[in-house]
Amino acid sequence: MKIKLLPEDERPRERAMSKGIGKLSDQELLALIIRTGDESLSAQELAGILTDRIGEGLRGISHASIAELMEIKGIGKSKACSIAAAFELGRRVNSRTPKEKSRIYSASDVAKLFMADLRGEKKEHFQLVMLDSKAGVMAVEEISVGELTAAPVHPREAFSPAVKRSAASVVFVHNHPSGDPTPSGADLETTKLLCSAGKILGIRVLDHVIIGDGEYSSIKELGYLE
């Protein structure tokens, strides 16, 4: 049924106005972005098909390319661009959260800062968090981006920004595209190498946190970090 033929209290736009945007389902929110259907499907039906075809719900759609979105019948260039733009704005809001105003006292603090940015990434991103003497975040810098299963890291590149900023300590963070945050043997070896380099430089490595899909692992909490 076309959205305009639905009772007013069932139309996404009217429900958003009367109930609040937060009360809408994922499908209704997508329908608002899509705006119009085609000759055979409503915007809401297209939203449902999009969710089913892409898989992984909103997470899958958020990481789909414009070309992948356009593979869905009824999703043309304009609709695909609107959907991609909406999710990109959400990512930018998260990435521009002022991490520099945060303090890190535990691995859960690290996970809260990076989960939204790193979960769902299709490649490994290895990041450096630089801290002052009061556990305040001075800056965050991406050290490397790897392939599906690894991001190459060299101590020279890993510690160079921390040396320049005179960081008191650091935390390393990277994601596992598989969604499983369990540290690999390579993760443990890399952490050991970085800790040794940090001791030489006088910069303490507080933790190495691995981000998965809604979960995280702390190499310190697992007992692998001195």
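- What you find for E215 and M115 is that their closest heavy atoms are O-CE, 3.4 Å.
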Original post:
After noting the C-alpha distance and the side-chain angles of Y224 and T191, does the key distance pass the side-chain contact (heavy atoms from CB on, under 4.5 Å) rule?
Top reply: CA-CA 9 Å; Y224 293 111; T191 304; over 6 Å; no

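- The salt bridge (Lys or Arg N to Asp or Glu O under 4.0 Å) contacts involving residues 177-201 comprise K199-E226, where partners must be two or more places apart or lie in separate chains.
- Of the candidates Q127, K123, K122, H125, N175 forms a side-chain contact (heavy atoms from CB on, under 4.5 Å) with just one, namely H125.
- What you find for E28 and K23 is that their closest heavy atoms are OE1-O, 4.5 Å.
- Annotation: side chain to side chain contact (heavy atoms under 4.5 Å, CB included) contacts of S218 (sequence neighbours excluded): A107, D207, K220, E221.
- I143 is connected to V163 through a chain of hydrophobic side-chain contacts under 4.5 Å among Ile, Leu, Val, Met, Phe, Trp and Tyr, so both are in one cluster.
- Among pairs with a residue in residues 190-221, those fulfilling ring pair (Phe, Tyr, Trp, His ring centres under 6.0 Å) read F126-H208, H174-H208, at least two apart in sequence or across chains.
- Clustering of Ile, Leu, Val, Met, Phe, Trp and Tyr side chains at separations under 4.5 Å places I21 together with L24, L29, L32.
- Side-chain contact between V209 and F114: absent, with no pair of heavy atoms (C-beta onward) separated by less than 4.5 Å.
- Using a 4.5 Å heavy-atom cutoff, the side chains of M130 and P161 are in contact.
- Taking CD1 of I34 as the start and CD1 of I83 as the end, the distance is 4.5 Å to the nearest 0.5 Å.
- Residue I61 is not grouped with residue M70 when hydrophobic side chains (ILVMFWY) are merged at heavy-atom distances under 4.5 angstrom, including chains of intermediate members.
- Side-chain contact between V173 and V110 is present, with heavy atoms from C-beta onward closer than 4.5 Å.
- When all heavy atoms are compared, the tightest approach of R103 to D109 is O-OD2, 4.0 Å.
- The minimum heavy-atom distance between K73 and L46, with the atom names listed, is O-CD2, 3.5 Å.
- For the pair S144 (side chain) and V153 (backbone), a donor-acceptor distance under 3.5 Å is absent.
- Judged purely by atom type and a 3.5 angstrom limit, H154 uses its side chain to pair as donor or acceptor with the backbone of R156.
- Note on L201 and F172: same hydrophobic cluster, where clusters join Ile, Leu, Val, Met, Phe, Trp and Tyr whose side-chain heavy atoms are under 4.5 Å apart, directly or indirectly.
- In terms of the side chain to side chain contact (heavy atoms under 4.5 Å, CB included) criterion, S78 has no residue partners (sequence neighbours excluded).
- Counting heavy atoms from C-beta on, the side chains of L113 and V129 never come closer than 4.5 Å.
- Screening residues 163-172 for side-chain hydrogen bond (donor to acceptor under 3.5 Å, both in side chains), with sequence neighbours left out, gives no hits.
- When every heavy atom of C195 is checked against every heavy atom of L225, the shortest pair comes out as SG-CG, 3.9 Å.
- Side chain of K79 to backbone of T36: a donor-acceptor contact under 3.5 angstrom is found.
- Atoms OG1 and CG, on T51 and D26 in that order, are 7.0 Å from each other to the nearest 0.5 Å.
- Here SG of C81 is found 11.5 Å from CD1 of I75. Values are rounded to the nearest 0.5 Å.
- E68 places a side-chain N or O within donor-acceptor distance of the main-chain N or O of S65, the cut-off being under 3.5 Å.
- Within a 6.0 Å sphere centred on CZ of F87, heavy atoms belonging to other residues, nucleotides or ligands number more than 12.
- Under a hydrophobic-cluster definition in which Ile, Leu, Val, Met, Phe, Trp and Tyr are linked whenever side-chain heavy atoms come within less than 4.5 Å, directly or via other members, I210 and L193 are assigned to different clusters.
- Looking at heavy atoms from C-beta onward, P177 lies out of side-chain contact with E121 at the 4.5 angstrom threshold.
- No donor-acceptor pair under 3.5 Å is formed between the side chain of Q44 and the backbone N or O of Q27.
- A 6.0 Å sphere centred on CZ of R59 holds more than 12 heavy atoms belonging to other residues, nucleotides or ligands.
- Here the closest non-hydrogen pair linking A162 and L128 is N-CD2, 4.1 Å.
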